[in-house]
Amino acid sequence: MPSYKYEAMDHAGAEVTGTIDAESEGEAQQLIREQDLFVTKITEEGRKKKKKKDKDDKRKGPRRRKAGGGFSFGKVRSKQLCTFTRQLSTLQDAGLPILRSLMILEGQSKPGPLKSSLMGVIEDIESGSTLSEAMAKQPKAFDDLYVNMVKAGEAGGALEVILQRLAEFKERAQSLKRKVVGAMIYPAAVVTVAILIVSGIMVFIIPKFKKIFLGFDVELPEITIVLLNASDWFATYWWVLVISPIAFVLTIKLIKKNKTGAFVIDWIALKLPLLGKILQKSTVARTMRTLGTLIASGVPILEALTIARDTAGNTVFRRAFDNIHSAIREGESIAIPLREARIVDDIVVNMVDVGEETGALDTMMYKVAEVYDEEVAVAVDGLISMLEPIMVVVLGLIVGFIVIALFMPLVKLLNELS
């Protein structure tokens, strides 16, 4: 009876090798599958099976393609990663081996950063790495939060559960971001159109009125002179309006490269009317959900705090998490340094305190995140409802100023002509 040498993967993605006796290659594969293993390579001892080798090369196509077409620019978009995580969670829940699941998802992915990263993950797993180790080598797609949660799932033997939590986390974060961005599209569009219209009036319309006034030698009122001077300035220095926002953004980024400057800028941002509250609440929601997800997944609290700090996106919160990290390392609870940091409301501190006492810290953090998500949505709606009348009033004042400034000399000219 022929003997076959095989390489396979178990459900955890670990590589298994061995030999098996069977009448044929097909029977050998069937016997290996009955052991809950996924065959990646099989050869008859003494000579290689060309047909099987061709199939195996086809299966390992992503690894060879990586050298020719696996490189790509940019990072994986949040929406794309969210969809991938949900699909991987579903495949794992169905009982497919992790390598087979990744190959399926890589095969259906469009060319881009995600497909390139999955090629690298598949090759590393085939080389003997664990899923978390392979993902850690692809920072374009998988951040520290993702990698550490997968590592915790592998250690606890509950990878499918962890992936479900990751999928829910990504979906909630994406939903909150979509709400905020979607709510700001309308005001941004209105302001942009208004700026373009006013700029067009200043550059093309008002100079024609200026020629009329100069032709009739009319004594112009002060308001008209201001408008004509403004029109001349627009026509000559229009580039200042284009460069100013870019220069402002670049200046802010340059200041934020310094630690003290970044702290000052982020502190000012948190103190802005309305916008500061939205920024603070969205940051609290994101960090609390991150902490809750990591703690529920079995990640150590100090490591979870480090990851949550990196996802905060605000230097004020990062310093606060550094202080909390140091306090916990010295034996204190989370609630005390969190209260001293003054980055969250007292209700959050009390809920975290209760969570520590009852052993349900992750649950309490989930609740805090849900509450703050709702408050962010309400705050964004309130901001939009305030912006609409403000924009109408401002645009009305601008148009009214232009109309009055132009018609006052026209009325005077008509009176003189009559």
Side-chain angles (χ1 to χ4, degrees), residues 78-79 171-202 223 226-227 230 234 240-253 255-256 262-289 311-317 320 341-349 351 367-405:
S78 298
K79 184 178 180 180
E171 287 167 357
R172 286 180 176 272
Q174 183 68 19
S175 176
L176 179 61
K177 182 180 179 180
R178 189 165 53 246
K179 284 181 182 178
V180 175
V181 173
M184 300 305 291
I185 288 176
Y186 172 72
V190 171
V191 170
T192 302
V193 172
I195 290 173
L196 292 175
I197 292 174
V198 172
S199 299
I201 292 173
M202 287 289 190
I223 188 173
V226 171
L227 179 62
F234 263 82
V240 174
L241 297 176
V242 178
I243 294 178
S244 294
I246 300 174
F248 178 77
V249 172
L250 292 177
T251 302
I252 294 296
K253 287 187 175 181
I255 293 173
K256 292 190 75 171
F263 181 84
V264 172
I265 293 294
D266 289 338
W267 183 85
I268 292 173
L270 292 175
K271 297 300 179 181
L272 291 174
L274 294 177
L275 288 175
K277 283 293 182 184
I278 293 174
L279 178 61
Q280 180 190 15
K281 291 179 184 297
S282 61
T283 305
V284 172
R286 181 169 59 253
T287 53
M288 290 296 113
R289 179 171 287 109
T311 61
N314 186 284
T315 309
V316 176
F317 276 82
R342 303 190 179 209
I343 58 173
V344 296
D345 299 332
D346 289 339
I347 183 65
V348 176
V349 177
M351 290 180 71
K367 289 181 179 179
V368 170
E370 290 174 1
V371 170
Y372 271 68
D373 279 346
E374 294 177 2
E375 290 189 8
V376 168
V378 172
V380 170
D381 291 339
L383 177 62
I384 298 303
S385 63
M386 287 185 64
L387 281 177
E388 290 179 1
I390 290 174
M391 287 188 298
V392 171
V393 171
V394 171
L395 291 176
L397 291 174
I398 293 173
V399 173
F401 172 79
I402 294 174
V403 170
I404 293 172

Could you pull out the closest heavy-atom pair between Pro245 and Val242, with the gap in Å? CD-O, 3.4 Å
Rounded to the nearest 0.5 Å, what separation is found between the CG atom of Leu270 and the CD1 atom of Ile343? 9.5 Å
Hits for side chain to side chain contact (heavy atoms under 4.5 Å, CB included) against Val240, two or more places apart or cross-chain, chain-then-number order -> Trp233, Tyr237, Ser244
Distance in Å, Ile197 CD1 paired with Thr192 OG1, rounded so as to fall on 0.5 Å steps: 11.0 Å
With rounding to the nearest 0.5 Å, note down the distance linking CD1 in Ile252 to CD1 in Ile268. 8.0 Å
Would you give the length of the straight line joining atom NZ of Lys79 to atom CZ of Arg178, rounded to the nearest 0.5 angstrom? 7.0 Å
Taking every non-hydrogen atom, the tightest pair across Ala369 and Ala285: CB-O, 3.6 Å
Quick one: closest heavy-atom pair of Leu279 and Ala269, and the distance? CD2-CB, 3.8 Å
Mind checking the CG-CD spacing from Leu383 to Glu388? Nearest 0.5 Å is all I need. 10.0 Å
Taking all heavy atoms of Leu395 and all of Val190, pick out the closest pair and write down the distance. CD1-CG1, 4.4 Å
Using the side chain to side chain contact (heavy atoms under 4.5 Å, CB included) criterion, which residues pair with Ile347? Sequence neighbours excluded. Asp345, Met351
Check Gln280, Lys367, Lys281 against Tyr372 for a side-chain contact (heavy atoms from CB on, under 4.5 Å) and give me the one that passes. Lys281
For Ile223, enumerate each residue passing the side chain to side chain contact (heavy atoms under 4.5 Å, CB included) test, keeping only those at least two apart in sequence or located in another chain. Pro221, Phe401, Ile404, Ala405, Met408
Could you check if a side-chain atom of Leu241 sits within less than 4.5 angstrom of a side-chain atom of Phe234, using non-hydrogen atoms only? yes
Nearest 0.5 Å, what's the CG-OG1 distance between Asn314 and Thr283? 5.5 Å
Evaluate Trp267 against Thr315 for side chain to side chain contact (heavy atoms under 4.5 Å, CB included), listing each step before the verdict. CA-CA 8 Å; Trp267 183 85; Thr315 309; over 6 Å; no
